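Structure, as structure tokens:
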Amino acid sequence: MVRGARSVTFSSKQHFLDSEGIGIAQPKSEHVNVIGVGEYHYGEMHPMKPHRLTLTNALVLGYGLHKHIDNFFSPRAATKDELSAYHDADYIDFLSRQVVAVSPGNENEIKDLVEQFNCVEDCPVFAEMYDFCRQYAGASLAGAKKLARGDTDIAINWSGGLHHAKRGEASGFCYINDIVLAILELLRYHPRVLYIDIDIHHGDGVELAFWQSNRVMTVSFHKYNGDFFPGTGRLNDNGNGIGKHFCLNIPLEDGIDDESYLRMFKTIIDDTVNTFKPTSIVLQCGADSLGCDRLGAFNLSIAAHGECVDFVKKFRLPLLILGGGGYTIHNVSRCWAYETSILVGASVPDELPMTPYDSFFSPDYKLHPKIVTKVENLNTPATLQKITADIQKKLRYLQGAPSVQMQEIPPNLASWLEEEEPNWDELEEEEIGPGSSGETRSDPHKALNEFFDSDNDIEKGNDNDDDGDDDDDDITPPPPSPKRDETVTSKRRGGSRRGRAAPNQKRTVAQSREASEMKETVTPKTDGRRRGGRARGRPRAGRGGRRGRAQTDDRDDSIEVDTP
């Protein structure tokens, strides 16, 4: 047989895939061998497939997009201290232990721990789970650090974006909230960070972490009908305390199309950037908002999804791009490969390159297949216009972007600073590490009694305002959630599940010693429910505020791609 000739067997048998006549994109990569997060596996029947990352990398390399990227590397895994910058130590300890050998004496203990940290059903314990978490979280942290140092303008980590994880438990296929960790890193240098979420599910974990912060604005476009996971993200859920109006939720119904989505997205994001004036942006690009997704119900095309990414890129702010949901994996990989081409400024043909995974893209072998379904669009123009107007009204409450007090130290004072004793923050960094310095957190979960947890509880009759009476009229309630004892019907094959009380948590509250530090507040806790085939854990109280200093150096045009 002549080398390069196509075997008759492979073109004449229907059992073998053949893209002949459709075309192959150039340039193509002859050796595609990318390993990493795509090798992990949640389980045979689980909808989350990390293998989608392997397909994405194959297309990126096949299109030759790596030639347009300044750095294409596998960052180190996150350390336990880095993960503990947001997550509770006992939860991290549980993840690090992974699968514990079961014996007649500890089966009940293991069962209790698994249930306590919500690692059941939708968030199963699987082989090397802790390594998986450390790798995708480490990639997001690496991207944030390079943006903060000014080493790059754009950092990409398609393995990240797991936005449902809470401070002390797993939720919605997510174990470690890499987004919160990355934003906390950015806040060390940037006064304001804008978080945008275009996943079909509400970014509840990120919103909860910064529920009381005015340095992070969260904007989530998601499906909401009161029964779709995670069941949060109402239009009127807008934050609390100094974070009031810094959480924006855009609830949508099934079947929204490209034109309606893009019109609303561009209007809201443009107004938000002009009002909040962020110094960096984190964009979660969950691809389950595409049409034909296994768990989604929107009608977005890959082109429209990518147009959202392109619109955010044009603000020319330091930008961290993360993955997220997406459960029809061949469409997820096409979408993220296309958005990679947008971010690096390269044009790619519609014909897919030849890769070892061609069978996933049969029979069309196209970058932009017809994935728009005939799902009825339940979003009327009047409803979308009303939501947009309501968001614009909320933005007017901000009265300008919040500022962080900073000052530049004259160069001639350098010698004085070397002789000066370290301040309290520096001592804190030496004691607990730079990952936690400056973060404050409060803990209303200290007792087993579900009706009274600690002195920090916010109960009716405990005065928390300055008017001297025993009321709670100055307290803004958290997002609505079902009662603890409420049984919620699940759309999963497992049936229904009863809510459970919040487990104990050990947290450290950093006490403020400087007048410029932010006021300590308490976030009321909420309970969880299961919806839409995915179990939701209870949100935990927390905040993500950090003091930081502005990064005003000019950025270059390099692109940083973080792919474990």
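What you see is a predicted model; the values in this text were computed from it and never measured.
- Contact record, His163 with Cys174: N-SG, 3.8 Å, taken as the closest heavy-atom pair.
- For the atom pair Asp70 CG and His66 NE2, the distance stands at 13.5 Å (nearest 0.5 Å).
- Nearest heavy-atom pair across Tyr327 and Asp288 is CE1-OD2, 3.5 Å.
- Using a 4.5 Å heavy-atom cutoff, the side chains of His222 and His201 are not in contact.
- Residues Phe361 and Arg334 have side chains in contact (heavy-atom distance under 4.5 Å, counting atoms from C-beta outward).
- In plain terms, the two heavy atoms of Phe229 and Gly172 that are nearest each other are CZ-CA, 3.6 Å.
- Once rounded to the nearest 0.5 Å, the distance linking CD1 of Ile198 with CD1 of Ile250 reads 12.0 Å.
- Side-chain atoms of Leu95 and Phe117, non-hydrogen and from C-beta on, never get closer than 4.5 Å to each other.
- Between Phe132 and Phe126, a ring centre-to-centre spacing shorter than 6.0 Å is recorded.
- By the 4.0 Å N-to-carboxylate-O rule, Lys146 lies too far from Glu185 to be salt-bridged with it.
- Asp358 contributes a side-chain N or O that, together with a main-chain N or O of Thr355, makes up a donor-acceptor pair within less than 3.5 Å.
- No donor-acceptor distance shorter than 3.5 angstrom exists from the side chain of Ser333 to the backbone of Arg52, with no hydrogens or angles considered.
- Between His51 and Tyr40, the gap from one ring centroid to the other reaches at least 6.0 Å.
- The closest side-chain heavy-atom distance from Val282 to Val193 is below 4.5 Å.
- Between Leu322 and Cys285, the closest side-chain pair of non-hydrogen atoms is not below 4.5 Å.
- Under a 3.5 Å cut-off, the side chain of His87 and the backbone N or O of Asn177 do form a donor-acceptor pair.
- Every residue two or more places apart in sequence or in another chain that forms a side-chain contact (heavy atoms from CB on, under 4.5 Å) with Cys247 is listed here: Glu207, Trp211, Thr218.
- When all heavy atoms of Cys292 and Asn331 are compared, the pair lying nearest together is CB-ND2, 4.5 Å.
- Between Trp158 and Trp336, the angle of the ring planes stays under 30°, which puts this pair in the parallel group of the 30/60° scheme.
- Between the side chains of Ser159 and Asn157, a donor-acceptor pair is found at a separation under 3.5 Å.
- Within the model, atoms CD of Glu82 and OG of Ser140 stand 11.5 Å from one another, a figure rounded to the nearest 0.5 Å.
- A parallel orientation is assigned to the rings of Tyr91 and Phe94, their planes being inclined by less than 30° (bins at 30° and 60°).
- Atoms SG and CG, from Cys335 and Asp293 in turn, are 10.5 Å apart once rounded to the nearest 0.5 Å.
- Side-chain contact between Arg294 and Ile329 is absent, with no heavy-atom pair separated by less than 4.5 Å.
- Take Ala137 and apply the side-chain contact (heavy atoms from CB on, under 4.5 Å) test, not counting sequence neighbours, and it matches Ala78, Leu83, Ile176, Asp178, Leu181.
- Of the possible donor and acceptor atoms, one in the side chain of Ser96 sits under 3.5 Å from a partner among the backbone N and O of Asp93.
- Evaluation of the side-chain contact (heavy atoms from CB on, under 4.5 Å) rule for Leu317 yields Pro278, Ile281, Phe315 as partners, not counting sequence neighbours.
- Taking the charged nitrogens against the carboxylate oxygens, Asp204 and Lys166 do have a contact shorter than 4.0 Å, which makes a salt bridge.
- Proximity of Ile179 to Leu162: side-chain heavy atoms (C-beta onward) are nowhere separated by under 4.5 Å.
- At a threshold of 4.5 Å between non-hydrogen side-chain atoms, the residues Phe221 and Ile200 do not count as touching.
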Thr328 and Leu290: CA distance, side-chain angles, deciding distance, side chain to side chain contact (heavy atoms under 4.5 Å, CB included) verdict: CA-CA 9 Å; Thr328 303; Leu290 295 173; over 6 Å; no

Taking it one step at a time, do Asp112 and Gln116 satisfy side chain to side chain contact (heavy atoms under 4.5 Å, CB included)? CA-CA 6 Å; Asp112 291 342; Gln116 174 183 345; 5.9 Å; no

Go through Thr232 and His202 one step at a time and tell me if the side chain to side chain donor-acceptor pair (under 3.5 Å) criterion holds. CA-CA 7 Å; Thr232 55; His202 176 228; 2.7 Å; yes

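- The CD1 atom of Ile156 sits 9.0 Å away from atom CG of Leu65, with the distance rounded to the nearest 0.5 Å.
- The minimum heavy-atom distance linking Val180 with Val206 is given by the pair CG2-CA, 4.0 Å.
- Panel note: side chain Asp88, backbone Asp90; no donor-acceptor pair is recorded below 3.5 Å.
- Within the 3.5 Å criterion, the main-chain N or O of Gly205 finds no donor-acceptor partner in the side chain of His164.
- How far NE2 of His330 is from CG of Leu59: 12.0 Å, rounded to the nearest 0.5 Å.
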Tell me, with the steps shown, if Leu319 and Ile321 meet side chain to side chain contact (heavy atoms under 4.5 Å, CB included). CA-CA 6 Å; Leu319 178 61; Ile321 297 290; 3.7 Å; yes

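- No donor-acceptor pair under 3.5 Å is formed between the side chain of Glu169 and the backbone N or O of Asn118.
- Under the 3.5 Å distance criterion, the side-chain polar atoms of His305 are matched with a main-chain donor or acceptor of Gly286.
- Using a distance-only test at 3.5 Å, with no hydrogens or angles considered, no donor-acceptor pair links the side chain of Thr152 to the main chain of Ala155.
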Check the pair Arg97, Leu113 against side chain to side chain contact (heavy atoms under 4.5 Å, CB included), reporting the backbone distance first and the verdict last. CA-CA 11 Å; Arg97 278 182 276 169; Leu113 287 174; 3.9 Å; yes

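- Proximity of a side-chain donor or acceptor of Asp199 to a complementary backbone N or O of Gly325 within less than 3.5 Å is detected.
- Of all heavy-atom pairs spanning Tyr175 and Ala170, the tightest one is CD2-CB, 3.8 Å.
- The ring of His46 has its center closer than 6.0 angstrom to the ring center of Phe173.
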